[in-house]
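Below you'll find the structure, written out as structure tokens, and then a few comments.
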Amino acid sequence: SKQLWLLGIIGALFYLPSSVIGDVWGQPYLQSAYHLSKDNAANLMGIFFLSWAVAGPLIGAYSDKVKKRKTIITNSLIILFIALSIVILLPNIFSMQIPYLILVSLFIIIGAATSSHPLIFALAKESFSEKHSGIIIATTNMLIMLGGLIFQPLIGVILDFTHGAKVSNIHLYNNHDFSIAFAIIPLSLILSLFLMNHVSKSQISMQKNKESFIEKTKKALELTLTES
């Protein structure tokens with residue numbers, strides 16, 4: 001199904017900041033680009049995941065209430081793109097350093113925006129018949145994990161290709177190396193936003209719109225009959 005492939009690819013691209021920055025390269029990048037201590041860089045990664053953990057259930061509950069998974073995912077991608085672009089581009093392209101407290105705020109925002117990622121599973125499940133929910137969720141998860149399998153080593157290959165120094169057979173990466181490798185992240189989010197335009201609304205969202213239309217029609221008819 002086109003819908004399933006789209007959601008799987010979007011999920012893989014959406015998960016890229018977490019798998020690349022959160023899991024592997026975030027701490028060394030922050031130490032190199034912002035000259036942070038190992039402890040301060042690690043604290044920012046902790047803040048990122050803590051923000052995700054706190055915001056995730058709240059965003060999930062809100063999406064259950066409004067039934068607009070696609071809109072929430074799209075808005076989260078936009079916020080994530082802006083925040084990550086600031087963190088990645090300012091020190092590497094504009095040679096600007098962001099104060100630590102602002103970095104804390106940015107990683108809170110990044111974590112909160114990324115926490116809407118599980119809505120991809122909900123949107124996939126609601127786009128198909130309930131009897132196929134198991135295979136739909138499993139296939140979506142497979143495609144998302146393939147993204148990590150591809151992009152984590154790809155970032156490493158790019159860093160090794162562009163590295164500026166090597167000491168005792170260990171690569172030392174600088175801002176220039178990270179700026180080239182991390183360019184994949186904002187590009188992946190732009191591609192995700194483009195693909196979201198081709199994703200259909202879930203059945204539950206369409207059902208809510210249908211019920212809302214019917215309810216409004218009934219109220220209009222009742223009002224007309226009352227005035228008559």
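No experiment lies behind these values; they were computed from the predicted model shown.
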Do [X] and [Y] sit in one hydrophobic cluster, given that two such residues count as connected whenever their side-chain heavy atoms are within less than 4.5 Å of each other, even indirectly?
{"X": "L90", "Y": "I102", "answer": "yes"}
{"X": "L13", "Y": "F194", "answer": "yes"}
{"X": "I190", "Y": "F151", "answer": "yes"}
{"X": "I78", "Y": "L195", "answer": "yes"}
{"X": "Y100", "Y": "F48", "answer": "yes"}

What pair of heavy atoms forms the shortest contact from [X] to [Y], and how long is it?
{"X": "A12", "Y": "I144", "result": "N-CG1, 3.7 Å"}
{"X": "Q27", "Y": "A42", "result": "OE1-CB, 3.6 Å"}
{"X": "L143", "Y": "G8", "result": "CD1-CA, 3.6 Å"}
{"X": "G148", "Y": "S19", "result": "CA-OG, 4.4 Å"}
{"X": "P17", "Y": "L80", "result": "CG-CD2, 3.9 Å"}
{"X": "A41", "Y": "Q31", "result": "CB-CG, 3.8 Å"}

Quick one: [atom1] on [X] to [atom2] on [Y], what's the gap to the nearest 0.5 Å?
{"X": "I185", "Y": "I155", "atom1": "CD1", "atom2": "CD1", "answer": "5.5 Å"}
{"X": "L119", "Y": "L7", "atom1": "CG", "atom2": "CG", "answer": "11.5 Å"}
{"X": "L193", "Y": "F14", "atom1": "CG", "atom2": "CZ", "answer": "9.5 Å"}
{"X": "L103", "Y": "N43", "atom1": "CG", "atom2": "CG", "answer": "12.0 Å"}
{"X": "I120", "Y": "Y15", "atom1": "CD1", "atom2": "OH", "answer": "13.5 Å"}
{"X": "W5", "Y": "I10", "atom1": "CH2", "atom2": "CD1", "answer": "13.5 Å"}

Within the side chain of [X], is there an N or O that forms a donor-acceptor pair under 3.5 Å with the backbone of [Y]?
{"X": "Y34", "Y": "V87", "result": "yes"}
{"X": "S85", "Y": "F81", "result": "yes"}
{"X": "K125", "Y": "I137", "result": "no"}

Heavy-atom check, side chain of [X] versus side chain of [Y], under 4.5 Å:
{"X": "I21", "Y": "L84", "answer": "yes"}
{"X": "I158", "Y": "I184", "answer": "yes"}
{"X": "I72", "Y": "V66", "answer": "yes"}
{"X": "W25", "Y": "L159", "answer": "yes"}

Counterpart residues, side-chain hydrogen bond (donor to acceptor under 3.5 Å, both in side chains), relative to [X] (two or more places apart):
{"X": "N175", "answer": "S32"}
{"X": "S188", "answer": "none"}
{"X": "D23", "answer": "none"}
{"X": "S76", "answer": "S116"}

**Request:** Return the orientation label for the F49 and W52 ring planes: parallel under 30°, perpendicular over 60°, tilted otherwise.
**Result:**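 Judged by the thresholds at 30° and 60°, the geometry between F49 and W52 is parallel.
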**Asked** Between F182 and Y29, what is the ring plane arrangement, given parallel below 30°, perpendicular above 60°, and tilted in between?
**Response**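 Tilted, since the angle between the ring planes falls between 30° and 60°.
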**Request:** Just grab all the salt bridge (Lys or Arg N to Asp or Glu O under 4.0 Å) pairs involving residues 43-64, residues at least two apart or on different chains.
**Result:**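 Salt bridge (Lys or Arg N to Asp or Glu O under 4.0 Å) check on residues 43-64 returns D64-R69.
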**Prompt:** Does a sphere of radius 6.0 Å around OH in Y62 hold more than 12 heavy atoms from other residues, nucleotides or ligands, not counting ones at 6.0 Å or beyond?
**Reply:**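 Count not over threshold, so no.
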**Prompt:** What's the verdict on side chain to side chain contact (heavy atoms under 4.5 Å, CB included) for F107 and L30, showing C-alpha distance, side-chain angles and the deciding distance?
**Reply:** CA-CA 12 Å; F107 273 95; L30 290 169; 4.1 Å; yes
**Prompt:** Which pairs pass side chain to side chain donor-acceptor pair (under 3.5 Å) with one or both residues in residues 131-149, sequence neighbours excluded?
**Reply:**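 Every pair satisfying side chain to side chain donor-acceptor pair (under 3.5 Å) with a residue in residues 131-149: there are none.
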